[in-house]
Every structure is written in C-alpha cells, then in structure tokens.
Amino acid sequence: MKSVLKVEQIRAAEREAMQNGVEQTFLRMDAALAIADGISARAGDKYAKTAVFCGSGGNGADGLIAASRLHKLGYDVCAYIVGDKNKFDKSALAFAENAGVRIESADKYKGGANIIVDAIFGIGLNRNIDGFAAELIEKLNASKNAFKLAVDIPSGLNADTGEIMGVAFKADVTLSFSCYKLGMLFEKGRDVCGKIVVDDIGVVAKSVIHVFDGEDFEPYVREKSAHKGTAGRVYIIGGCGTMIGAPIMAGASAHAAYLNGAGTVTVCLPAIHRAAAASRATMSMMKFLSDTAEGFIKFDKSELDDIIKSAAAIDIGIGMGNNPDLKRIVKYICENFGGTLIIDADGINAIKGDYTFLKSAKARIIITPHVGEFERLTNKAATVENAAALAREINGIVVLKSATTIITDGREVRLNVAGTPAMAKGGMGDVLGGCITALSCAYNPFDAASVACYRNGMGAERAVSSYAEMMLSPRDVLNYADYAELEK
C-alpha cells in the first residue's frame, strides 16, 4: 500500500532525507527521469511537439530537467517559463539550455502542443491563482487533443484539502513523487488529477494513511474439509412496509454475499414482504420476521436469538425506514452477538446521536455510512480525521463511503480509490454490505471491509468498459468483480 501524506509531512520527510545525506540534485534528477519516462510510456508519438510549463519553484526546476531528458529522447521540446526568469533555479536553467532545450516566456505559447507538462505550481501553493497564470492554465485545459501530465500535483489543487485555488490544471495523468497527497483523493482532486501514478524518488514518507490497492492482502484459502457450515452463515436483516424494493436490494446484497464466499445466506424481511420476496428468491434462504401493521420489523427477542445463535455475520439496515424498534434491535444484537455486525443505511440513522453503546458491544462492529449518514450520525464533517475518531469511539471499523472511501480502525486509515462515478446511485452500498458481511467470515473486520471496497470498485471499473457508464447497476458490479482471487 502506498502512503498518503499532507504537505508538512512531505516537507519533514524531505528534510530528513537531506539530513541523511541525500542531495537535492539527485532527487531532482530522479524526478525528471520519472517525468520523462512517464511521458514516453503514456503519450504515444515519441517525436511529438511537447510544451513543458515551468514555474519558479521546485516543480519548475524538475520540469526544466525533464525537458532536457525529453529533448535527448527525440521529443520536439520547448520549456515555457511562467514568471520572472531571474527567480528560477539557475542550475536547472543552465542544464536545460546546455542540453539544447528551447526556453521561452509562457506568453509566447501559441498552442498546438501534442504533449503538455504542467510544472508551474507545486504542493506549497497557498493562495488563489489569478492573472496571467490563471489565464494560461485555462488555455492549457482547453487543449482537448493534447496529452496532459501534471508534475507531482496539478497546479492550483490544494495538496491538503483537494480545493481548487481559483483554477486548476486538468491532467490526464498526475505523476506524484514518493506518495499520494491527501488533497488528490478528496473534494475536486479526483476530477483534476486524472490517473495518479506514484513514483518513488528516494524520499521515505511514513504515514498511517494508505491507498489500499489489493497488493498487500493475503488471499483466503479454504481448507479442503470446508463445508457450508464452516464457510460462514450470513444474515441480512432489512425491509419495511413502505420500501417495496427492499426485497430486491436485500437480494442483491445476498447475491454479493454468496459471491464473496458465504456458506449460507438468509435474508430476514418483515412478514408483509412474504409474497413479493418469494417471487424473487434465488439462492438465498428467507426468514420472515414479526412486523407491525405498517410493516416495520418488531423487536422480538426469541426471533433475534434464533438469528444470533447460528450467524457468523449479520448485516442490518437495508430499507428499514423509520422503524421505532430498530435502535432497540441493533442494541440487542450488539450486546448478545459474538460475530461481526455490519450496520448500514437505516440502521445508522436509527442510532444517530446515541451510539456510545457500540463501544462495549460483544459483536465486532463495522459501520458503513455514506457522507450524509456520517454527518447525521456524528454532527461532524465527513473527513479522514473524524472517521478515525468515530472508529476509536465505537471500538470498531468505519467505512465512510464516497468517491474515495475511507476505511479505518481508528489507528490506521486505508483509502479505496477503485471505482467509477457510475457507482453514484442507490443499491451500490447494499451490494457492498453483502460483500463485507461475507468476507468478515474469512478475514478480520478491517481487512474484510478493505477487500470488499476494493473488489467492488474494480468490478465497476471493468463493467463500464462493457456498459454505457450511467447504465451500470449494482449487479453489474458483481458480475465483473474478480472474486476468484479471494480463494487462490
């Protein structure tokens, strides 16, 4: 997993490297080589017209040296200076000039480049971009047919928050040195960075935040003597009288649980859904629970005990509405169940403002709010810091779902960036809940949540290659996710 850092952490890592004898010149050469190699690997025509836009800071110096390397490789390169030339790193300028690179003022750029390299502003930007620099960036963004690469971070993106500082370069690829910057993964960072490639240039950057990319988890291998009883019994509790589609979404969640290795899956619905659910039943078993006249599942100790005694993992909350008994049901399962409890959707809404009982739960807790649910639950912004604080507060796992999903046990944070904007629709979270529930029978809760988020995201990425993006459905994600790797 690759580290994710804030600016001050990066600066501290750079200072430590210097103190340990690493010369800045060598770091700059490594960065320049990474830029040139990144372009030659991704930009197509080796002899394309290439414009490298350089600011007066460290990014600009990296850009100048990279231009020298590209010129040597045969690219038609011009380095365009943004700002006062007298403020530039003199050795970097001399290096580029001696290599034969054309160097011009950026106001001389007339367009037409096939490859555009943004090395104008770096991670130290702390003000809005305006004036000529802003106009230039807008002009570069309008170059629709050019391949655009940002050096370390797109100019104009706040490296800590993901905010746009007036205007930002929109890259096809961002070549980030040593680590991900936190701002790349939140707010507008995902929109302007394009594909993020992290290149190690020799600065060791330590962090408790990482991007989970599936490389570091150990595939689960079942014993040859395994049977459905040992593979994990999963229960999914959901539905109410006003949520007519609840059986369908619970069925999708159950299907996800099966594909992720659950031995058996039982969908628990209010009795009012008996006829609708029976007509839609596929692989999962059905259990119908006592309900009110409005179709809300009642608190029934004997029925809950029957579920608890055989379950390895329980998912609760899908389509349960404003059930007056739901908080009591969740609390009872927490106190009496020894397996993993996934609390989702209306299960989260039911405990908003009063969830301290989770900390002393007998069950292992995973809570999976989307941004709105998180903010209603905690009255706090949906940030990495607040997600980690909630995980510590409940002594469990928080899966804060968004374009970048935050998964944390309160000590470590894993970010899932796999996925596509087509997943921004109802039902995706229900499928994810089923995946997490099943995987928690094989992995510890933190790993189960991490693997489920990553696999679902990758399934969506594969699926959109076959579907129009906005047509993607939750079941399509399951059809394209490579779950075979989980049982190598």
Return all side-chain donor-acceptor pairs below 3.5 angstrom for residues 430-442, not counting sequence neighbours, or 'none' if the list is empty.
from, atom 1, to, atom 2, distance (Å)
T437, OG1, G433, O, 2.6
S440, OG, I436, O, 3.4
S440, OG, T437, O, 2.7

Flag yes if more than 12 heavy atoms outside [X] fall under 6.0 Å of its [atom1] atom; otherwise flag no.
| X | atom1 | result |
| --- | --- | --- |
| K425 | NZ | yes |
| K139 | NZ | yes |
| N128 | CG | yes |
| N145 | CG | no |

Within a strict 4.5 Å, meaning less than it, do heavy atoms of the [X] and [Y] side chains meet?
| X | Y | answer |
| --- | --- | --- |
| T378 | N386 | no |
| I348 | D346 | no |
| I316 | L326 | yes |
| F88 | L64 | yes |
| I367 | L377 | yes |
| N395 | I365 | no |
| C240 | N323 | no |
| E187 | N158 | no |

Return all side-chain donor-acceptor pairs below 3.5 angstrom for residues 401-408, not counting sequence neighbours, or 'none' if the list is empty.
from, atom 1, to, atom 2, distance (Å)
K401, NZ, D344, OD1, 3.3
K401, NZ, T368, O, 3.1
T404, OG1, L185, O, 2.5
T404, OG1, R190, NH1, 2.8
T405, OG1, S402, N, 3.4
T405, OG1, S402, O, 3.2
T408, OG1, G410, N, 2.9
T408, OG1, E412, O, 2.9

Audit row: V4, V413, side-chain contact (heavy atoms from CB on, under 4.5 Å) steps and yes/no: CA-CA 10 Å; V4 183; V413 175; over 6 Å; no
Identify the heavy atoms of V52 and G63 that sit nearest to each other, and give their distance.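 Residues V52 and G63, closest heavy atoms: CG1-O, 3.6 Å.
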Please find the pair of heavy atoms, one from F374 and one from A381, that lie closest to each other, and give the distance.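 F374 and A381 have their closest heavy atoms at CE2-O, 3.3 Å.
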Looking at [Y], is its backbone amide N or carbonyl O close enough to the side chain of [X] to form a donor-acceptor pair, meaning the two atoms are under 3.5 Å apart?
| X | Y | result |
| --- | --- | --- |
| D160 | K6 | no |
| E373 | H370 | yes |
| K380 | L390 | no |
| D172 | K148 | yes |
| D152 | G122 | no |
| D37 | A34 | no |
| D118 | S155 | yes |
| N141 | A168 | yes |

With sequence neighbours left out, write down each residue that passes side-chain hydrogen bond (donor to acceptor under 3.5 Å, both in side chains) with H210, or none if nothing qualifies.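 Here no residue qualifies.
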Tell me every residue that passes side-chain hydrogen bond (donor to acceptor under 3.5 Å, both in side chains) with E163, counting only those two or more places apart in sequence or in another chain.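 side-chain hydrogen bond (donor to acceptor under 3.5 Å, both in side chains) check on E163 returns T161.
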Just how far is it from atom [atom1] of [X] to atom [atom2] of [Y], taken to the nearest 0.5 Å?
| X | Y | atom1 | atom2 | result |
| --- | --- | --- | --- | --- |
| N479 | S473 | CG | OG | 7.5 Å |
| I236 | D315 | CD1 | CG | 5.5 Å |
| D200 | S178 | CG | OG | 5.5 Å |
| N416 | R455 | CG | CZ | 11.0 Å |
| D409 | F446 | CG | CZ | 4.5 Å |
| T340 | I397 | OG1 | CD1 | 9.5 Å |

CA sep, side-chain torsions, deciding dist, call: L415, Y180, side-chain contact (heavy atoms from CB on, under 4.5 Å): CA-CA 11 Å; L415 302 179; Y180 288 89; over 6 Å; no
Distance-only polar pair, side chains of K181 and S176, donor-acceptor under 3.5 Å: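 Yes, because at least one side-chain N or O of K181 sits under 3.5 Å from a partner of the opposite role on S176.
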Does a donor on one side chain and an acceptor on the other come within less than 3.5 Å for S450 and D447?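 There is no such pair (donor and acceptor under 3.5 Å, judged by atom type) between the side chains of S450 and D447.
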Which residues pass the side chain to side chain contact (heavy atoms under 4.5 Å, CB included) test with A171, sequence neighbours left out?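 For A171 the side chain to side chain contact (heavy atoms under 4.5 Å, CB included) partners, ignoring immediate neighbours, are A150, F169, T174.
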Mutual orientation of the aromatic rings belonging to F53 and Y80 [parallel < 30°, tilted 30-60°, perpendicular > 60°]: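 Parallel.
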Run the numbers on V417 and I196 for side-chain contact (heavy atoms from CB on, under 4.5 Å), then give the verdict. CA-CA 10 Å; V417 297; I196 301 170; over 6 Å; no
Set out, in order, the CA-CA distance, both residues' side-chain angles and the distance that settles side-chain contact (heavy atoms from CB on, under 4.5 Å) for I65 and R69, then state yes or no. CA-CA 7 Å; I65 299 172; R69 173 70 175 172; over 6 Å; no
Does R376 have any salt bridge (Lys or Arg N to Asp or Glu O under 4.0 Å) partners at least two apart in sequence or in another chain, and if so, which?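 R376 satisfies salt bridge (Lys or Arg N to Asp or Glu O under 4.0 Å) with no other residue.
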